[in-house]
Novice: 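Below are the structure tokens for one structure; questions will follow.
What you see below is based on every heavy atom in this structure, not just the backbone, and it leaves out hydrogens, waters and symmetry mates. Numbers restart at 1 for each chain; the letters A, B, ... are given by sequence-line order, proteins then strands.
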Protein chains: 2
Amino acid sequence: MDHSLSSSAAGSGDTRERILDEAERLVQTRGYNGFSYAHIAKALGVTKASLHYHFSNKAELGRYLIERYGESFEAALLGIDESGTGACDRLKRYVEIYEHVLEDDRMCLCGMLAAEYVTLPEIMQKSISTFFDLNEAWLTKLLEKGRAAGELQFANDAREAANALIGSLEGAMLVSRAHGGREGFRASARLLVEKICRAR
Amino acid sequence: MDHSLSSSAAGSGDTRERILDEAERLVQTRGYNGFSYAHIAKALGVTKASLHYHFSNKAELGRYLIERYGESFEAALLGIDESGTGACDRLKRYVEIYEHVLEDDRMCLCGMLAAEYVTLPEIMQKSISTFFDLNEAWLTKLLEKGRAAGELQFANDAREAANALIGSLEGAMLVSRAHGGREGFRASARLLVEKICRAR
DNA sequence: GTCTATAGGTGGATAGAC
DNA sequence: GTCTATCCACCTATAGAC
């Protein structure tokens, strides 16, 4: 099963999207410094030179990757917003986004890139920051509304709680790669949600 | 100020240790796939060939790096054990280990390597797992004793709580590189500790 | 132990034919 | 759009002089 957030060309003919799909998978599993045009070319059955027609250099490819990932993530958040359920259920759905990424044996794209941050082109660094800004804003709002409704509980500042949760989820994904696996992630995620959700 | 866990050759003449110190710094900031023998050679004012006399290949260097880091981490944990303070204070000291690493603009060595895990030589992968095993065991014991003494509180299984905390700290470090900085880490760390420590 | 020199491979990127 | 052919920089690693 495909758990990627943004793959959109499962078998379709759009080469550009197929490149993005494969590059995304490679970055999420191996990191930006751990993949090359040769990896993509081999997987797609084309030459390296062809890739440069679609993305003239690696930094540009990287930037599109982050933007597409961010847009898909944002779409998933809007989907939660429109679901009309309670704050606790929405929080669980937020955590499930991360869980689905991990089930595909992938790290969060921007979590992976955060590790490599200082080695990345400036243009990519800015896009990564934007991704975390988006998550922080959405989650802060959810936490505030949830607390006002008496459904969620957490200490003081909602923005700080949001950032702590984002970091905790990213870290649970990160560590699970080397220790604990998917089940380790799920156990950590469950504990994190339980602390915030009052409903039992 | 030097906040590294294991640097031991500040100005001393031991080339082997100087190589390890610089390689450690490079991996913690740039990742294993983001540094080369050339980086180390330039920083130390020697040639790449000289490095191969001390570490015949990069994987071997990587393995020693992890083992040395693990030993230093273990020493820091033993230092906490011998301090004779309460469980809550010990937990805060554990968190401070991470904080000191970050103050040197570094990511946890093994957190960084966890991101690159699938690209690493087998011999390094095993050593990374051992590092997390060590942390899990130490922290689990602390949590169990702390709860028995009425100082700490957390849900159910101490081992799961330990792993969730390790992941949360690693993730807070990770995300802080791209979003929030050191202050972001400190805020998250404070929230994590407050949830577990009953003492106020 | 450290050096010079170099091998053999892979990295990202380009020119120009089709 | 995709190809072949090629460039040059950088990579890990080795041989052998000093």
Side-chain angles (χ1 to χ4, degrees), chain A residues 8-9 11-27 29-66 112-113 115-116 118-125 127, chain B residues 8-9 11-27 29-66 112-113 115-116 118-125 127:
Chain A
S8 53
S12 92
D14 193 343
T15 303
R16 186 187 160 89
E17 290 300 311
R18 288 177 62 220
I19 294 170
L20 286 168
D21 288 344
E22 181 61 19
E24 182 180 75
R25 192 189 66 79
L26 284 165
V27 174
T29 51
R30 303 180 54 91
Y32 183 79
N33 295 323
F35 92 100
S36 69
Y37 272 44
H39 283 115
I40 306 175
K42 189 175 182 182
L44 267 55
V46 296
T47 61
K48 288 190 295 173
S50 305
L51 304 179
H52 282 280
Y53 171 79
H54 297 279
F55 301 94
S56 63
N57 59 63
K58 199 182 176 186
E60 189 191 328
L61 171 58
R63 185 171 60 88
Y64 278 108
L65 234 38
I66 301 165
M112 179 66 86
L113 295 174
E116 301 176 292
V118 301
T119 72
L120 302 177
E122 257 187 60
I123 195 166
M124 289 181 65
Q125 293 181 337
S127 300
Chain B
S8 53
S12 93
D14 194 342
T15 303
R16 186 188 162 89
E17 290 300 311
R18 288 178 62 221
I19 294 170
L20 285 169
D21 289 343
E22 181 61 18
E24 182 182 75
R25 192 190 66 79
L26 284 164
V27 174
T29 50
R30 304 181 53 91
Y32 184 79
N33 295 323
F35 93 99
S36 71
Y37 272 44
H39 284 114
I40 305 174
K42 189 176 182 182
L44 266 56
V46 296
T47 60
K48 289 185 291 174
S50 305
L51 305 178
H52 283 281
Y53 169 81
H54 297 279
F55 301 95
S56 62
N57 59 61
K58 199 181 175 185
E60 189 190 327
L61 171 57
R63 184 170 61 88
Y64 278 108
L65 233 38
I66 301 165
M112 179 65 86
L113 294 174
E116 301 175 291
V118 302
T119 73
L120 301 177
E122 257 187 62
I123 195 167
M124 289 181 65
Q125 292 180 338
S127 300

Novice: Sequence neighbours excluded, which residues qualify as side-chain hydrogen bond (donor to acceptor under 3.5 Å, both in side chains) partners of A/Arg30?
Specialist: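 Residues passing side-chain hydrogen bond (donor to acceptor under 3.5 Å, both in side chains) with A/Arg30: none at all.
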
Novice: Tell me the interatomic distance from B/Ile19, atom CD1, to C/dG1, atom C1', rounded to whole angstroms.
Specialist: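 Going from B/Ile19 (CD1) to C/dG1 (C1'), I get 10 Å.
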
Novice: Enumerate all atom pairs, one protein N or O and one N or O from nucleotides 8-11 of chain C, separated by less than 3.5 Å.
Specialist:
| unit_1 | atom_1 | unit_2 | atom_2 | d |
| --- | --- | --- | --- | --- |
| C/dG11 | OP1 | A/Ser36 | OG | 3.1 |

Novice: Does a side-chain N or O of A/Thr15 approach OP1 or OP2 of D/dT2 to a distance below 4.0 Å, or not?
Specialist: yes

Novice: Rounded to whole angstroms, how far apart are NZ on B/Lys42 and P on D/dC11?
Specialist: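 In whole Å, D/dC11 P and B/Lys42 NZ are 11 Å from each other.
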
Novice: By side-chain contact (heavy atoms from CB on, under 4.5 Å), which residues pair with A/Thr47, not counting sequence neighbours?
Specialist: A/Ala49, A/Ser50

Novice: Would you mind reading off the distance between B/His52 atom NE2 and C/dA7 atom P, rounded to a whole angstrom?
Specialist: 16 Å

Novice: Quick one: side-chain hydrogen bond (donor to acceptor under 3.5 Å, both in side chains) partners of B/Thr119, sequence neighbours excluded?
Specialist: B/Asn33

Novice: Judged by atom type as modelled, is there a donor-acceptor pair below 3.5 Å linking the side chain of B/Glu60 to the main-chain atoms of B/Phe55?
Specialist: no

Novice: Find which nucleotide of DNA chain C each of B/Ser50 and A/Ser56 is nearest to by heavy atoms, and output the residue with the more 5' nucleotide.
Specialist: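 Taking each residue's closest nucleotide, the earlier one in sequence belongs to B/Ser50.
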
Novice: Between B/Val46 and A/Phe55, who's closer to the 5' end of DNA chain C by nearest nucleotide?
Specialist: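 Result: B/Val46.
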
Novice: In whole Å, I'd like the distance from the OH atom of B/Tyr32 to the P atom of D/dT12.
Specialist: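 My rounded result for the distance is 8 Å.
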
Novice: Not counting sequence neighbours, which residues clear side-chain contact (heavy atoms from CB on, under 4.5 Å) with A/Leu44? List them please.
Specialist: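 Expected list: A/Arg18, A/Ile19, A/Glu22, A/Ile40, A/Val46.
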
Novice: Return the set of residues passing side-chain contact (heavy atoms from CB on, under 4.5 Å) with B/Ala38 (not counting sequence neighbours), or none when no residue passes.
Specialist: B/Ser36, B/Lys48

Novice: Just by modelled atom types, is the B/Arg25 backbone N or O under 3.5 Å from a matching donor or acceptor in the B/Thr29 side chain?
Specialist: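 Looks like yes, one N/O pair under 3.5 Å.
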
Novice: Could you give the OH-to-C1' distance, from A/Tyr53 to D/dG1, as a whole number of Å?
Specialist: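 About 6 Å, once rounded to whole Å.
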
Novice: By nearest atom, which of the nucleotides D/dC3, C/dT2, D/dG1 is closest to the B/His54 side chain?
Specialist: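 Output: C/dT2.
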
Novice: For A/Leu44 and D/dC3, give me the distance from atom CG to atom P, rounded to whole Å.
Specialist: 10 Å

Novice: OP1 or OP2 of C/dT2 versus the side-chain N and O atoms of B/Thr47: is any pair under 4.0 Å?
Specialist: no

Novice: Could you give the CG-to-C1' distance, from A/Asn57 to C/dT14, as a whole number of Å?
Specialist: 12 Å

